[in-house]
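Note that these values count all heavy atoms, side chains included, but never hydrogens, waters or copies made by symmetry. All values reported here derive from a predicted model rather than from experimental measurement.
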2 protein chains.
Amino acid sequence: MKQNPPDNLEMLRSEIARRYSDLSPRLKQVASYVLDNPNDIAIETLAVNASRCDVQPSTIVRFGKVFGYNGAREMQRLFRDEILTSAPSPSYSERIRQFQARSNTVDRLLLCNVMREFAESNIIALEHLCEAVHTEDLDKSIELMQGAHTIYLAGMRRAFPVAAYLAYSLSHVEKRAFLLDGVAGMTSEQSWMLGPEDLVIAVSFKPYASETLAVVETAAANGAPLIVISDSRLSPVARAADVCFEIKDAEVRQFRSLTASMCLAQTLVISYAYKFGLDRPAKE
Amino acid sequence: MKQNPPDNLEMLRSEIARRYSDLSPRLKQVASYVLDNPNDIAIETLAVNASRCDVQPSTIVRFGKVFGYNGAREMQRLFRDEILTSAPSPSYSERIRQFQARSNTVDRLLLCNVMREFAESNIIALEHLCEAVHTEDLDKSIELMQGAHTIYLAGMRRAFPVAAYLAYSLSHVEKRAFLLDGVAGMTSEQSWMLGPEDLVIAVSFKPYASETLAVVETAAANGAPLIVISDSRLSPVARAADVCFEIKDAEVRQFRSLTASMCLAQTLVISYAYKFGLDRPAKE
DNA sequence: ACCCGAATAGAAAATATTTTCCAACTTTTT
DNA sequence: AAAAAGTTGGAAAATATTTTCTATTCGGGT
């Protein structure tokens, strides 16, 4: 038995490729299956995988031992970790944790470090955003935006800048947009008029503002379509949404940023502008 | 027990969201864990997942049953299938190559590509930000912020979200902050009072808003310190600034984003909060 | 054709994981 | 304040999965 089994997938894969020709026939069968179907190895049981490559379960165990592991399970762990750390959704919280562990070792009060820390957290959030947002949701949103006579934007407190940005940039692509800003406490006066031909985009994060919630409820009651941008699909505002974007924005030392939300807002507006045929949206 | 448990992940996820508020406390814990960590549910064992969301294994089984399955295993199957079908797992480099090939030939208007393009531009802008901002400017800004009795924020049009965000987050670190929002065209009424003991932070980009310019001039006339966030040192608002940050934000298809500016804003507030001795800034 | 060592299949044993069940506890109702 | 209904923790039972072990097969060398 080998002393140092490969401890990451990439190493294991090349080791398998390297020794392939020395393997016995059955082990070759296993080898090619393993290389071709890493996800199946990660997820299915030994028995299932065995029958898929037409081999006994024990053969896979032997295969694992040949490459230095104590059994098939130990080898499977590598494939599982690969999914957890990289693939589709590189567990956002995990990456944040790793990043924070790193940035703890440096003097955190040096100003340029604070800046760097922010920038990097925001970058991670942006990378995550691309993976987390479903194309269908974007599609549906654009469709709703096209169909709307007027788009009403709701967002208080931390979400306010996002709503404001949406209102601003929508008017710049020549879409009637109206910010329910609650000036003079007139949110309800501003929102009673919205109807099925309109659209509400509500932005709301953790301590969900009651005004925003009220707008959402009015929208639902009046039959107005609703797009929600929030931090969880479990938020009270997400309930009645036709489309709900769940945004995990960067958090640095208890402070959440808006980068990812703003990026989504931008994407919505520009996609709308292009799809609507404005090849060159009005210069902002 | 329900007759038709959701038979694909997306359905299950929205069902969980829909019924969230009716669930018991422990089941809520499980619900948010499940929505946030689909991959862990797919791969780790019940016991591991249970301890991750601080619950007994049996609670997860109950959770599955509440949603109509015969047990946790049956629900887990959905998460596993998602991984198996969504990632047609050829080797990683292979996938990258495929993606690039696709995105070069394919309609660049495909929505996910628009999103990716934005995210990437913003990432580049953030990376640039770290290099472009001088530590001395940050230092000096923090000092000015500390010295100020009240901080006035000015920003119209595209810059408005940044100013709004600053106003919001400054009040959350217990700094008197006041947004000169121009409601009712009262900018000048709002700004005559600012004096040398205060501080103005003005945010302004290309077609420089006259209101912002007016605020800047009032500040200069009244001897109030001034920090400017703008897209050029040569902008009219930058003239009288004590500190001027020159921000090159991402531009995608004629549209400028605010990511870098927002990131700088965040940095200013947090740095201030920490330097000022609030080891734990008020939760936002 | 026979022997020998390596490779293999398959069943049995060991281990791990999930599910069930019930007593204890909490919350709500009366 | 007591009873009822619902929720929870935890241990025991059931199930599934992996690993070990041995008899058998296979293939090359004599």
Side-chain angles (χ1 to χ4, degrees), chain A residues 1-2 5 12 16 19-34 37-84 234, chain B residues 1-2 5-6 12 16 19-34 37-84:
Chain A
M1 189 170 300
K2 216 184 146 212
L12 173 58
I16 294 176
R19 295 174 50 186
Y20 183 79
S21 55
D22 301 335
L23 298 174
S24 69
R26 287 277 117 119
L27 293 191
K28 276 183 184 158
Q29 258 172 264
V30 176
S32 37
Y33 179 80
V34 165
N37 308 77
N39 282 348
D40 293 78
I41 292 290
I43 286 179
E44 305 290 359
T45 68
L46 216 47
V48 171
N49 282 311
S51 90
R52 293 246 175 101
C53 53
D54 201 25
V55 131
Q56 289 290 325
S58 53
T59 306
I60 300 189
V61 174
R62 260 186 304 124
F63 181 87
K65 295 199 168 177
V66 163
F67 284 92
Y69 304 98
N70 288 321
R73 179 184 289 276
E74 206 174 298
M75 180 177 75
Q76 191 185 36
R77 188 73 243 173
L78 255 59
F79 288 83
R80 299 190 151 181
D81 286 347
E82 179 71 13
I83 290 176
L84 290 177
L234 301 178
Chain B
M1 190 170 300
K2 217 186 148 208
L12 173 57
I16 293 176
R19 295 175 49 189
Y20 181 76
S21 55
D22 301 335
L23 298 174
S24 69
R26 285 278 117 114
L27 293 190
K28 278 186 182 153
Q29 258 171 264
V30 176
S32 23
Y33 179 80
V34 165
N37 308 75
N39 282 346
D40 293 79
I41 291 289
I43 285 179
E44 304 289 359
T45 67
L46 214 48
V48 171
N49 282 312
S51 90
R52 293 247 176 102
C53 53
D54 201 22
V55 133
Q56 290 289 326
S58 53
T59 305
I60 299 189
V61 173
R62 260 182 300 126
F63 181 86
K65 297 201 164 175
V66 163
F67 284 93
Y69 304 97
N70 289 320
R73 180 183 291 275
E74 205 174 298
M75 179 177 79
Q76 189 185 38
R77 188 74 244 171
L78 255 58
F79 289 82
R80 299 190 150 181
D81 285 347
E82 178 72 13
I83 289 177
L84 290 176

Report task. For Asn49(B) and Asp40(B), indicate whether the former's side chain and the latter's backbone hold a donor-acceptor pair under 3.5 Å. Result -> yes
Report summary line: Atom CG of Leu46(B) and atom C1' of dT15(D) are separated, to the nearest Å, by 13 Å
Query raised in the report: Looking only at heavy atoms, what is the nearest atom pair of Pro5(B) and Phe67(B), with distance?
Result: CB-O, 3.6 Å
Query raised in the report: Short question: side chain of Glu74(A), backbone of Tyr69(A) - any donor-acceptor pair under 3.5 Å?
Result: no
Requested in this report: Without swapping roles, check the side chain of Gln76(A) against the backbone of Glu44(A) for a donor-acceptor pair under 3.5 Å.
Outcome: yes
Query raised in the report: Looking at dT19(D), dT18(C), dT17(D), which one has an atom nearest to any side-chain atom of Val61(A)?
Result: dT19(D)
**Report entry** Gap between atoms CD and C1', on Glu74(A) and dA16(C) respectively (whole Å)
**Finding:** 15 Å
Query - Nucleotide-resolved protein contact map, nucleotides 4-11 of chain D, B/S/- at heavy-atom distance under 4.0 Å - result: ---SBBB-
Report task. Specify the separation, in whole Å, of atom CD of Glu44(A) and atom P of dT17(C). Result -> 17 Å
Query - Tyr69(B) OH - dT20(C) C1' separation (whole Å) - result: 21 Å
Query raised in the report: Gln76(B) has an atom CD; how far is it from atom P of dT17(D), in whole Å?
Result: 10 Å
**Report entry** Spacing between Asn49(A) atom CG and dT17(D) atom C1', to the nearest angstrom
**Finding:** 12 Å
Query raised in the report: Should Phe79(B) and Leu12(B) count as side-chain neighbours, where that means a heavy-atom distance under 4.5 Å?
Result: yes
Report summary line: Those residues at least two apart in sequence (or on a different chain) that pass side chain to side chain contact (heavy atoms under 4.5 Å, CB included) with Thr59(A) are Arg26(A), Leu27(A), Val30(A), Val55(A), Gln56(A), Arg62(A)
Query raised in the report: Within this structure, what is the CD1-to-P distance between Ile41(B) and dT17(C), rounded to whole angstrom?
Result: 15 Å
Requested in this report: In whole angstrom, give the distance that lies between atom CD1 of Ile60(A) and atom C1' of dT18(D).
Outcome: 11 Å
Report task. Give a yes/no on whether any side-chain N or O of Lys65(A) is located under 4.0 angstrom from OP1 or OP2 of dT20(D). Result -> yes
